[in-house]
Amino acid sequence: MGFVTRRRPDTKGHEPFYAIVRRIPRGRVATYGQVAALAGRPGAARQAGYALAALPADNEVPWHRVINARGEVSERAPGSPFARIQRDLLRVEGVAFDDRGRVDLARFRWDP
DNA sequence: CTAGTGACTGTTT
DNA sequence: AAAACAGCCACTA
């Protein structure tokens, strides 16, 4: 047969990033740069973020487990609720934030 | 083709 | 430690 099961045509090549993000375990986080490197695109951290921003609402990708290299949840457009939602989802999984809203990467970074 | 942009990052103030 | 800078790379107009 060999018919291609393309529900969502990946015209922009985001799948390699999603494939990595799907492997991040509960209660762990990865940085954008880390995801890019594991996807075989070292230095393309911005593209990793771009790919997540393009994620459809109904997805099975744990996008909330990706944060920036400083251990903080990256803010989106002013007034966007996604950063707050992301922090909530992580707290539910047991990821701790310090008083400045940052995650201790030495402790919670996913080490594949 | 150039210019602007962004869920980024490492270095320098 | 926080902010500013300067690279970074793909997408858009």
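Atom set for the values below is all heavy atoms of this structure, side chains included, hydrogens, waters and symmetry mates excluded. Lettering follows sequence order; numbering is per chain, from 1.
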Sequence neighbours left out, what pairs pass salt bridge (charged side-chain N to carboxylate O under 4.0 Å, His left out) with at least one residue falling in residues 100-112 of chain A?
none

Residue pairs passing the salt bridge (charged side-chain N to carboxylate O under 4.0 Å, His left out) test with at least one member in residues 21-34 of chain A, sequence neighbours excluded, are A:E15-A:R22

Who passes side chain to side chain contact (heavy atoms under 4.5 Å, CB included) against A:A54, sequence neighbours left out?
A:H14, A:Y18

Contacts of A:R41 meeting side chain to side chain contact (heavy atoms under 4.5 Å, CB included) (sequence neighbours excluded), chain-then-number -> A:F17, A:A44

Not counting sequence neighbours, which residues clear salt bridge (charged side-chain N to carboxylate O under 4.0 Å, His left out) with [X]? List them please.
X: A:R87; answer: A:E75
X: A:D88; answer: A:R84, A:R91
X: A:R70; answer: A:E72

Can you tell me how far the CH2 atom of A:W110 sits from the CD1 atom of A:I24, to the nearest 0.5 Å?
6.0 Å

Just the table, please: protein N/O against nucleotides 7-9 of chain B N/O, every pair under 3.5 Å.
unit_1 : atom_1 : unit_2 : atom_2 : d
B:dA7  : N7     : A:A53  : N      : 3.4
B:dA7  : N6     : A:L52  : O      : 3.3
B:dA7  : N1     : A:R76  : NH2    : 3.4
B:dA7  : N3     : A:Y32  : OH     : 3.0
B:dC8  : OP1    : A:S74  : OG     : 2.8
B:dC8  : N3     : A:R46  : NH1    : 3.1
B:dC8  : N4     : A:R46  : NH1    : 2.6
B:dT9  : OP1    : A:Y32  : N      : 3.4
B:dT9  : OP1    : A:G33  : N      : 3.0
B:dT9  : OP2    : A:A69  : N      : 2.8

At a 4.0 Å cut-off to heavy atoms of chain A, the contacted part of DNA chain C spans C:dA1 to C:dT12

Take atom C1' in C:dA13 and the same atom in B:dA7, then report the distance between them in whole Å.
22 Å

When rounded to the nearest Å, what value does the distance between P atoms of B:dT12 and C:dC8 take?
15 Å

Please work out which residues in residues 94-112 of chain A have a non-hydrogen atom less than 4.0 Å from an atom of DNA chain B and list them by number.
none

Give a yes or no answer on whether the side chain of A:Q86 reaches the backbone of A:A83 with a donor-acceptor pair at less than 3.5 Å.
no

Can you name the residues that form a side chain to side chain donor-acceptor pair (under 3.5 Å) with A:S80, not counting sequence neighbours?
none

